[in-house]
Amino acid sequence: MLRTIKPLNNFKKSVSYLGLVFLLTGCVTGQLGKNNSGEYKNGMVVSAHPEASQVGVDILKKGGNAVDAAVAVQFALAVVYPNAGNIGGGGFMVYRGANGEINALDFREKAAAAASRNMYLDAAGNPIVDKSLYGHLAAGVPGSVDGMVEAHKKYGKLTWAQVLQPAIDLATNGFNITNRQAGELNSLHRKLMDFNPNGTALVNLEHPWRENDVLVQQELANTLKLIQQKGRAGFYEGAVADSVVAEMQRGKGLITKADLNNYHSAWRKPITGSYKGYKIITMPPTSSGGIALIQLLQSVEPYPLKKWGHNSDSTVQVIVEAERRVYADRATHLGDPDFYAVPQQQLLEAAYNKNRMANFNWAAATPSSTIMAGEIKGAEHEETTHFSIVDRNGNAVSITTTLNGSYGSLVAVKGAGFLLNNEMDDFSVKPGAPNMYGLVGGEANAIAPNKRMLSSMTPTIVEKEGKLFMVVGTPGGSTIITSVFQSIINVIDFGMSMQQAVAAKKFHHQWLPDEVYVEKDAIDSLAAQKLKAKGYSIVVKGPIGRVDAILRTKWGNYQGGADPRGDDKAVGW
Ligand code: GLY
């Protein structure tokens with residue numbers, strides 16, 4: 001079914017419009033090393049909140065490297081962007097050093113030891129939807145603090161105290177909330193009150209939040225100080241651990257002191273693949289994002305997207321058919337590699353992905369009901385947040401981090417001042433039953449004690465001719481993978497600048513439900529009509545993705561891409 005598609009004459013028009021938006025919104029700022037095209041020489045930070053981007057650049061200016069800045073930004077986002085920035089959630093980091101070294105850190109949450117396969121089902125075996133989404137039982141054991149400790153231990157240059165200090169200052173002194181944040185907090189007022197009867201700094205009891213109100217978070221500041229003084233022990237042991245366990249007892253949650261103590265993030269080998277001569281460096285499982293991204297790129301590589309044009313009917317059709325097949329694979333084959341034998345090698349074979357596209361028919365949409373996962377031989381409320389950082393020496397960090405839903409489980413740990421995630425909903429609660437993103441899964445992603453839930457987060461770094469080319473990622477639940485994919489091809493195939501690629505309208509298909517989600521004006525009415533005639537169901541949705549990315553130009557300067565769908569900002573120097 002086709003709904004409210006407004007014509008957009010041609011790509012040039014959209015590019016010039018986007019250029020204008022870019023200039024007017026002034027998404028990129030900074031002081032030093034800037035050339036006339038708004039590019040920067042010495043480094044750049046792009047994140048979902050202006051205060052956090054500034055924190056990152058200040059750390060770079062102090063002589064910190066990209067990892068120092070990333071740790072500072074992660075903690076700063078926990079203060080200034082509580083809908084997704086976190087210490088009570090988890091995430092993934094992809095790293096590329098200036099010397100070409102690559103690495104990946106999995107600090108995804110884990111199920112508590114007392115978690116069980118059917119914990120969100122009723123007596124008849126049906127999912128109780130809210131149970132995995134809200135409240136104490138929805139939370140996995142948080143991974144972000146351990147992840148930051150590990151990243152800093154391995155690559156950091158400044159002291160741990162230095163990288164924690166900006167977040168402590170922001171929590172202690174407060175910061176001015178944006179108009180968007182005021183609206184979000186007001187709309188959640190009742191729910192936050194219900195889940196936090198003992199109070200939380202996020203609820204304003206005096207009047208509705210307004211733009212520029214100062215949000216002070218004293219309990220969170222105290223927690224950050226403990227982390228600053230004691231490292232991982234400041235969070236996983238002592239007073240903060242006591243507060244988490246007391247919170248669990250109040251709300252009948254599962255996380256124990258042993259769960260906190262036993263949590264450890266994992267260094268993993270990044271997934272690498274190639275697309276039109278570019279090297280893609282991305283996140284392996286526990287995220288599905290990296291495998292799915294490489295599968296998508298391999299599936300569309302044989303087709304002349306550039307000749308067809310950005311979001312033309314042929315381009316959209318091929319991409320949708322690739323997405324349908326890749327998401328079918330995701331549902332069956334991907335899960336925590338520590339618990340399930342993910343057939344990674346086969347899924348990443350070019351011949352496998354070419355073969356998956358072999359039954360695609362130009363004349364008609366392939367119904368998702370006829371597409372199953374490929375046979376393997378032998379074998380957001382969409383709230384997450386992403387930030388991209390490059391330092392003066394060319395070290396690059398791509399981090400996507402999340403509480404899952406906006407403001408996670410809505411439970412703020414009393415006495416410790418941070419929100420707990422609702423990441424348990426990313427497990428397959430029941431095989432075939434959709435989660436909050438409509439994604440289905442099976443055995444590979446079933447709940448088990450101490451297991452990590454499958455993610456779509458896709459922090460990615462792209463190399464060109466052995467040199468850094470792009471740092472990219474986004475929130476958006478199931479749409480993360482397809483938004484990262486489109487941002488990459490927007491630059492490589494359609495010649496857009498980083499800002500244009502990020503701002504360009506996006507579309508998405510995920511096998512089930514069998515619908516093409518499009519942002520308003522993403523495809524013109526003629527293309528939409530042609531696709532509809534072939535059987536594609538096109539549904540206009542709200543904003544897709546919130547990509548924050550950096551592009552290194554051939555002159556070695558950095559271009560920022562800060563998504564105009566949010567308050568995101570690129571700050572360079
Ligand atoms: N919670 C969203 C994801 O990890 O994909």
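First listed ligand is number 1; within each ligand, the first listed atom is number 1. The chain is numbered in sequence order, starting from 1.
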Does any N or O of ligand 1 fall below 3.5 Å from an N or O anywhere on Thr384, backbone included?
no
Ion pair Arg268/Asp338, N-O distance below 4.0 Å:
yes
Would you kindly specify which portion of Met453 sits under 4.0 Å from ligand 1, judged on non-hydrogen atoms: side chain, backbone, both or neither?
neither
Run the numbers for me: atoms of ligand 1, each under 4.0 Å from some heavy atom of Ser456, listed by number.
3 (C), 4 (O), 5 (O)
Ligand 1 contacted by Arg108 (non-hydrogen, < 4.0 Å):
yes
Please determine if Arg452 and Glu423 form a salt bridge, counting it only when a charged side-chain N lies under 4.0 Å from a carboxylate O.
no
Side chains of His508 and Glu323: donor-acceptor distance under 3.5 Å anywhere?
no
The criterion is side-chain hydrogen bond (donor to acceptor under 3.5 Å, both in side chains); which residues satisfy it with Ser132, sequence neighbours excluded?
Asp425
Close-contact set for ligand 1 against Asn404 heavy atoms, below 4.0 Å:
1 (N), 2 (C)
By side-chain contact (heavy atoms from CB on, under 4.5 Å), Phe175 pairs with (sequence neighbours left out) His49, Glu51, Val79, Val80, Leu170, Ile177, Gln181, Leu215, Gln217
Quick one: which of Thr401, Ile481, Asp426 has a heavy atom closest to atom 3 (C) of ligand 1?
Asp426
Give the numbers and elements of all ligand 1 atoms closer than 4.0 Å to a heavy atom of Met457.
4 (O), 5 (O)
Salt bridge Glu219-Lys414, side-chain N to carboxylate O under 4.0 Å
yes
